[in-house]
Every structure is written in structure tokens, then in C-alpha cells.
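Convention: sequence-line order gives letters A, B, ...; per-chain numbering from 1. Values in this document were obtained by computation on a predicted structure and should not be read as measured data. Computed from heavy atoms alone, side chains included, the values below leave out hydrogens, waters and symmetry copies.
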Amino acid sequence: MLQQTQVSRVIDFYHRFLTRFPTLEALAGARESQVLARWEGLGYYARARNLHKLSRAVVREGLPAEAEQLRKLPGIGPYTAGAVSTFAFERRAALVDTNVARVLTRVFAPKLHPKRARDQKAIWAIAEAALPRTGKAAWTHNQALMELGALICTARVKQCGRCPVRGICKSRDQE
DNA sequence: GTCCTGTGAA
DNA sequence: TTCACGGGAC
């Protein structure tokens, strides 16, 4: 649900969705039309169809922990694969969403453009290089990167004065 | 108009 | 590599 969709918009849909489909088995057993009905208004309906397909695959074969394996599931791209691997399994996996891409480019590589397709490889390379040694530390590191992007290093009004990494940031506001 | 915890198809 | 896909907030 969070793919290209703000957290504040997802929360209500998320709770209503889980009330209707409390388990993966419940979701897998539902008709696609029922799943789409609960998605109505959220947009990007391919996500609902993919999630439904995914539930059936995972009920059958289980949920892998490695990003490379997660990638094979419908609707799971590079970002979600990394997010599930690190947040659900505490693996040492990199993740780049729109927030992280913005934070990493601002801090380490101001010449890269976070939205530009041809810069994505370089941004992922930075994300890999910035990863701490252990999976547990990676969990915290990735959470911190995303929170920094969501709360401080935001797209419109960045709050450099409150930023914990302003000392090493290559895009910090001059005071 | 830009942005949001992107992905799959062309 | 580029593009369509939703909808709401700013």
C-alpha cells in the first residue's frame, strides 16, 4: 500500500483491509473482486491484484528472507524486497525509496538526481556502501534513513538545523 | 505543478 | 530506459 502513497493516506485503508483479510490465508482464499473492493479509492490497483497473487504464492511456498528471492514475487520490486528483508528478517539488505534516495544524494552525492533513472544504480551503490556490518544494525540504519527523509530531510522544507548528520552533509544549508 | 516508504510492461 | 498507473495534500 505504501508504494508511491503517503503513510497518512494508507493508515485507514490498511486497518480496514486487515479487518476484512486478517491472515494471509484469508486473503489467498478471497476472490480478486473482493480484494479490489477493499482497495477502492487507494489507487494503483495493480498493487491489489499483485498482493492477492502474492498471498497465494506465499501460502503455498512460504516467504523468503533474501531480497533476491523476494524480488520474484508479484508486486515486489527492489525497494520492497530490501524493505522486507531488512525490516522483517533483519538481513543486511539495502533499500532505496524516494526518501532514502533524497537523503543519500543530499548527504553524499549532491550531483546525483534522486528521481533520474540513470542515477539509480549509483544511488543503490551508495546505499550498499553505507550499510553497517550486521543485519541488526542494518535494520536500525535503514529505519533511521527513512525517518530522516520523512521527518527532517524532506522534499519541500528541509530542516537542516535539526539534522543529526548536518556535520557531514554536502548539501547542508549555509547559516 | 510536485510529491508520496515503486513496479511491471513496453 | 522510459512510461502508465490513482489519488490526495501542498
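Contacts with DNA chain B (heavy atom under 4.0 Å) in residues 135-159 of chain A: A:Met146, A:Ala155, A:Arg156, listed by number. DNA chain C is contacted by A:Tyr44, A:Tyr45, A:Arg47 of residues 44-53 of chain A, taking any non-hydrogen atom closer than 4.0 Å. Proximity of residues 98-130 of chain A to DNA chain B (heavy atom under 4.0 angstrom from any strand atom) is restricted to A:Thr98, A:Asn99, A:Arg102. Within a heavy-atom distance below 4.0 Å of DNA chain B, the residues of residues 75-87 of chain A found are A:Gly75, A:Ile76, A:Gly77, A:Pro78, A:Tyr79, A:Thr80.
Partners of A:Phe21 by ring pair (Phe, Tyr, Trp, His ring centres under 6.0 Å), not counting sequence neighbours, listed by chain and number: A:Phe17. Scanning for salt bridge (Lys or Arg N to Asp or Glu O under 4.0 Å) contacts around A:Lys53 gives an empty result, with sequence neighbours left out. With sequence neighbours left out, A:Asp12 forms a side chain to side chain contact (heavy atoms under 4.5 Å, CB included) with A:Arg16.
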Which atom pairs, donor and acceptor, lie under 3.5 Å between side-chain atoms of residues 31-43 of chain A and protein residues at least two apart or in another chain?
| from | atom 1 | to | atom 2 | distance (Å) |
| --- | --- | --- | --- | --- |
| A:Gln34 | OE1 | A:Arg20 | NH2 | 2.8 |
| A:Trp39 | NE1 | A:Gly43 | O | 2.9 |

Residues 153-163 of chain A, side-chain donor-acceptor partners within the protein, below 3.5 Å, at least two apart:
| from | atom 1 | to | atom 2 | distance (Å) |
| --- | --- | --- | --- | --- |
| A:Thr154 | OG1 | A:Val157 | O | 2.5 |
| A:Gln159 | OE1 | A:Arg162 | NH1 | 2.9 |
| A:Gln159 | NE2 | A:Leu151 | O | 3.3 |

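Legend: salt bridge (charged side-chain N to carboxylate O under 4.0 Å, His left out) pairs involving residues 58-71 of chain A, not counting sequence neighbours, sorted by first then second residue: A:Glu66-A:Arg91. The side chain to side chain donor-acceptor pair (under 3.5 Å) analysis of residues 120-133 of chain A, with sequence neighbours excluded, yields no pairs.
Under the 3.5 Å distance criterion, the side-chain polar atoms of A:Asp119 are matched with a main-chain donor or acceptor of A:His113. Looking only at distances, no side-chain donor or acceptor of A:Thr5 sits under 3.5 Å from a matching main-chain atom of A:Leu2.
For A:Gln3 and B:dG6, the shortest distance from a side-chain N or O to OP1 or OP2 is not below 4.0 Å.
From the 5' end on, the contacts that DNA chain C makes with chain A at under 4.0 Å to a non-hydrogen atom open and close at C:dT2 to C:dC10.
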